[in-house]
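Report on the structure given below.
Computed from a predicted model, the values in this text were never measured in an experiment. So that the names make sense, note that chain A is the first sequence line, chain B the second, and so on, each numbered from 1.
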Amino acid sequence: MIKYVLKRLLMMIPVLIGVSLLIFLLVNSVPGDPASYALGADATAEQIQAFNESIGYYDPLPVRYFNYMKDLLRFDFGTSYVSRLPVMGELSVKVPISIIVAFTAIAGSLLVGIPLGVLSAVKQYSLLDVIPTSMAICLASAPSFWLGLLLMLEFSLRHQWLPSFGVEKPWWFILPMLTLVAIYGSNQMRLTRSSMLETIRQDYISTVRAKGATERVVIWRHALKNALLPVITAAGNNFGILLGGAIVTETLFSLPGLGTFIVNGVKQKDVPVVMGGTITLAALFAFVMLAVDVIYAFADPRVKARYKKMK
Amino acid sequence: MTDKKEKTKKNSQIKEIARRFFKSKLATLGVILFAIVLFFAIFANLFGSYEESITQNIMEKFQTPSAEHWFGTDNYGRDLFLRCIHGARISLIISFSASILSAVLGTIAGMTAAYYGGKYESLMMRLMDVFSAVPTILLAICFVAALGASSTNLVIAMALARTPSFTRIARGAALTVVGQEHIEAARCGGTSDLRIILRHIFPNAMAPVIITFTGNISSMILQNASMSFLGLGVPAPAPEWGAIISGAKGFMRNFPHMVWFPGLCIIIAALSISLIGDGLRDALDPRLKS
């Protein structure tokens with residue numbers, strides 16, 4: 001197991017280098033030069049040239065890339081062109097926000113999705129199945145910004161119960177959370193349902209029933225445990241996506257998270273911001289997926305046995 | 001003779017899939033909803049030209065739904081129904097072409113990776129790992145920023161960002177076929193690699209690609225709308241659904257219809273296609289046949 005984890009950690013290095021190269025090429029292809037974004041419209045030509053020289057913009061592209069990577073090896077993420085703040089410091093503010101948002105949204109969607117999914121699988125074709133399932137299908141097709149806007153309309157414009165933006169108080173997170181839970185919860189619910197439906201038709205469930213276990217024990221102890229594996233994987237995957245991909249919700253509710261940070265960097269050709277942001281994001285994502293696989297091995301003896309065989 | 005036999009066999013297979021597909025009520029509902037969306041997208045000009053949908057008419061601004069303006073009008077007095085149906089056109093064209101492009105790229109990459117194996121395969125799969133290490137919407141935004149904002153570049157960006165999932169699925173499906181004897185036999189008979197991939201591997205690995213392709217279209221509709229909402233999609237004043245909602249959000253307190261209708265359009269379009277996708281999955285996947 002430890003050997004496997006180490007192997008996975010080593011495999012992350014080429015992927016991260018690949019990500020850095022890809023993003024470096026992309027952000028450097030954004031039209032315009034960094035100085036015109038950083039200094040604004042009323043900068044003189046000399047100022048622009050001086051700024052571009054100070055960040056090494058006139059060096060050839062490979063040289064710039066190697067310089068950046070050399071600094072990165074010392075965990076020096078550089079300084080933002082626009083805000084002139086060290087990227088490391090900015091990341092230490094944005095990353096926790098993104099982690100909190102992603103974590104609560106996933107926890108909430110599991111809390112809603114798993115029980116509803118189990119219920120609808122057990123009572124298949126009854127009203128308890130049809131209503132949640134059709135709601136989940138509709139929610140999965142709704143754009144997140146639209147749901148967020150409707151929540152905003154109801155709770156902050158009509159009733160003024162909750163503010164529509166900002167992160168000053170914990171309850172200010174409620175509306176963006178509701179938006180994300182609606183979307184990811186319906187995703188988790190549909191997954192739980194289909195995985196549960198497959199599991200309760202397995203022979204070992206019939207065996208448990210034949211032994212005379214009560215229905216509650218059959219469903220919640222035996223079936224759910226087995227059905228949960230794809231749900232855990234999806235939760236891990238969704239967590240990774242939410243870390244940097246909740247851009248729309250972040251923008252709508254003005255949450256200063258990682259996704260918005262990177263997108264603003266892309267728009268302003270702020271190379272250190274985009275590079276630092278994406279590399280951190282990709283590394284976090286890889287760690288989450290590795291953690292999911294490890295949890296998997298603990299939850300499922302079959303998977304654990306496979307790792308043993310591998311070495 | 002054999003040709004005819006093969007043909008009837010193929011026909012009956014398609015018929016069987018269609019029978020299974022339409023047995024599902026949800027899939028049939030999906031087809032009906034999609035037909036409605038497609039009808040308005042194709043015949044949008046019968047209700048008013050594209051120019052009408054982008055021309056401002058301040059005299060008629062902020063009207064609520066009426067017999068004359070079914071969905072009401074927006075802050076520039078443009079008819080929202082007209083904007084929504086022209087938006088259907090834009091949304092369908094972009095999401096279909098992006099989906100097709102990513103399916104083609106991913107299938108080529110995945111099938112050649114499975115067929116040739118070795119260094120080429122590991123290089124290809126590592127490349128896909130790199131692409132999928134960043135969330136798709138973020139990657140698509142980076143591509144659009146690098147390529148410049150236009151509809152074509154938007155399609156390319158969204159397609160490239162989604163290619164890894166197709167590559168993995170196509171490779172997985174192809175791997176189950178590559179080791180089989182008929183492939184070996186074809187190779188021994190001197191069949192070219194291209195012909196083997198196209199005639200022997202592709203048909204056998206097609207089902208999962210089609211399922212992913214359909215599912216992908218509805219995610220593309222949502223992503224396209226999200227990118228327009230962020231101002232990174234189809235350039236204004238094109239009546240893209242996400243852009244309509246983005247423009248309406250400042251007025252939604254007093255005129256919620258401006259937000260409701262385009263949002264419902266997105267839901268109906270995305271929902272219809274994902275229902276069709278689910279139906280296709282059940283119809284094509286014999287494991288789930290009941």
Side-chain angles (χ1 to χ4, degrees), chain A residues 11-12 14-23 25-31 133-134 137-147 149-150 152-153 156-158 190 194 198 240-248 251-252 258-259 262-263 266-267 269 274 277-279 281-283 285-286 289, chain B residues 26 29-30 126-139 141-149 157 218-219 221-232 241-242 245-246 248-249 252-254 256 259-260 262-264 266-275 278 287-288 290:
Chain A
M11 269 167 64
M12 269 162 65
V15 171
L16 288 180
I17 293 176
V19 169
S20 71
L21 193 60
L22 173 72
I23 299 297
L25 288 176
L26 282 178
V27 70
N28 272 297
S29 326
V30 175
T133 309
S134 32
I137 297 178
C138 288
L139 279 178
S141 308
S144 54
F145 57 89
W146 187 68
L147 283 180
L149 276 176
L150 293 185
M152 230 185 227
L153 182 64
S156 31
L157 294 180
R158 289 237 173 94
R190 288 169 73 192
S194 61
E198 212 167 288
I241 293 173
L242 274 175
L243 278 180
I247 302 164
V248 179
T251 312
L252 184 62
L258 192 53
I262 298 174
V263 172
V266 172
K267 283 185 187 160
K269 205 170 178 174
V274 180
T278 10
I279 292 171
L281 179 63
F285 193 32
M289 290 323 282
Chain B
L26 282 177
L29 177 70
R126 288 297 86 75
L127 189 68
M128 294 305 148
D129 283 347
V130 168
F131 268 62
S132 47
V134 183
T136 34
I137 186 157
L138 201 59
L139 195 57
I141 288 173
C142 289
F143 272 116
V144 165
L147 295 168
S218 56
S219 343
I221 290 181
L222 292 179
Q223 195 180 332
N224 180 24
S226 301
M227 290 186 60
S228 299
F229 181 76
L230 294 174
L232 294 159
W241 290 331
I245 296 178
S246 172
K249 69 178 180 222
M252 72 174 175
R253 181 176 185 162
N254 298 320
V259 171
W260 272 101
L264 287 175
I266 301 177
I267 291 194
I268 291 171
L271 178 68
S272 69
I273 294 168
S274 69
L275 288 178
D278 287 353
R287 264 193 323 138
L288 298 167
S290 48

Side-chain heavy atoms of B/Val259 within contact of A/Leu153, under 4.5 Å: no

Region of A/Lys267 that comes under 4.5 Å of a non-hydrogen atom in chain B: side chain

Spatial distance of atom CD1 (A/Ile137) from atom OG (B/Ser274) [nearest 0.5 Å]: 7.0 Å

Residue pair B/Leu26 / A/Ser134, side-chain heavy-atom distance below 4.5 Å: no

Proximity breakdown for A/Ala142 and chain B, heavy-atom pairs closer than 4.5 Å: both

Side chain / backbone / both / neither for A/Ala140 at chain B, heavy atoms under 4.5 Å: backbone

Most chain B-contacting option - heavy-atom pairs closer than 4.5 Å, from A/Leu22, A/Leu147, A/Leu16: A/Leu22

A/Trp146 and B/Leu264: CA distance, side-chain angles, deciding distance, side chain to side chain contact (heavy atoms under 4.5 Å, CB included) verdict: CA-CA 9 Å; A/Trp146 187 68; B/Leu264 287 175; 4.0 Å; yes

Rounded distance (nearest 0.5 Å) linking atom OG1 of B/Thr136 with atom CD1 of A/Ile241: 6.0 Å

Gap separating the CD1 atom of A/Ile262 from the CD1 atom of B/Ile141, nearest 0.5 angstrom: 9.5 Å

Which portion of A/Val15 sits near chain B, non-hydrogen atoms under 4.5 angstrom: both

B/Trp241 versus chain A, the contacting section by heavy-atom distance below 4.5 Å: neither

Rounded distance [0.5 Å steps], NZ in B/Lys249 versus CE in A/Met152: 8.0 Å

Between A/Val248, A/Val27, A/Leu149, A/Leu139, the one whose heavy-atom pairs under 4.5 Å with chain B are most numerous: A/Leu149

Side chain, backbone, both or neither of A/Leu21 within contact of chain B (heavy atoms, under 4.5 Å): neither

Whether A/Phe145 and B/Phe229 hold their rings parallel, tilted or perpendicular, with breakpoints at 30° and 60°: parallel

Largest heavy-atom contact set with chain B, pairs under 4.5 Å, which of A/Val19, A/Ile17, A/Leu25: A/Val19

Residue pair B/Ile267 / A/Pro143, side-chain heavy-atom distance below 4.5 Å: yes

From OG1 (A/Thr278) to CG (B/Leu138), nearest 0.5 Å: 7.0 Å

Heavy-atom contact with chain A under 4.5 Å, split by part of B/Ser132: backbone

Closest approach of A/Gly18 to B/Val130 (non-hydrogen atoms, all atoms of both residues): C-CG1, 3.5 Å

Interface moiety of B/Leu275 toward chain A, non-hydrogen atoms closer than 4.5 Å: side chain

Contact origin within B/Leu232 toward chain A - heavy atom pairs under 4.5 Å: side chain

Full working for side chain to side chain contact (heavy atoms under 4.5 Å, CB included) between B/Leu271 and A/Cys138: CA-CA 6 Å; B/Leu271 178 68; A/Cys138 288; 4.2 Å; yes

Minimum-distance pair of heavy atoms, taken over all atoms of B/Ala146 and A/Leu26: CB-O, 3.3 Å

Top contributor to chain A contacts, counting heavy-atom pairs under 4.5 Å, from B/Ser272, B/Pro256, B/Ala145: B/Ala145

Leading residue by heavy atom contact count with chain A [cutoff under 4.5 Å; candidates B/Ile268, B/Ile266, B/Asp129]: B/Ile266

Closest heavy-atom pair and its distance - A/Leu281, B/Pro135: CD2-CD, 3.5 Å

Between CG on residue B/Leu230 and OG1 on residue A/Thr251, distance to nearest 0.5 Å: 5.0 Å

Portion of A/Leu150 that has a non-hydrogen atom of chain B nearer than 4.5 angstrom: side chain

Under 4.5 Å from a heavy atom of chain A, the part of B/Ile273 involved: neither

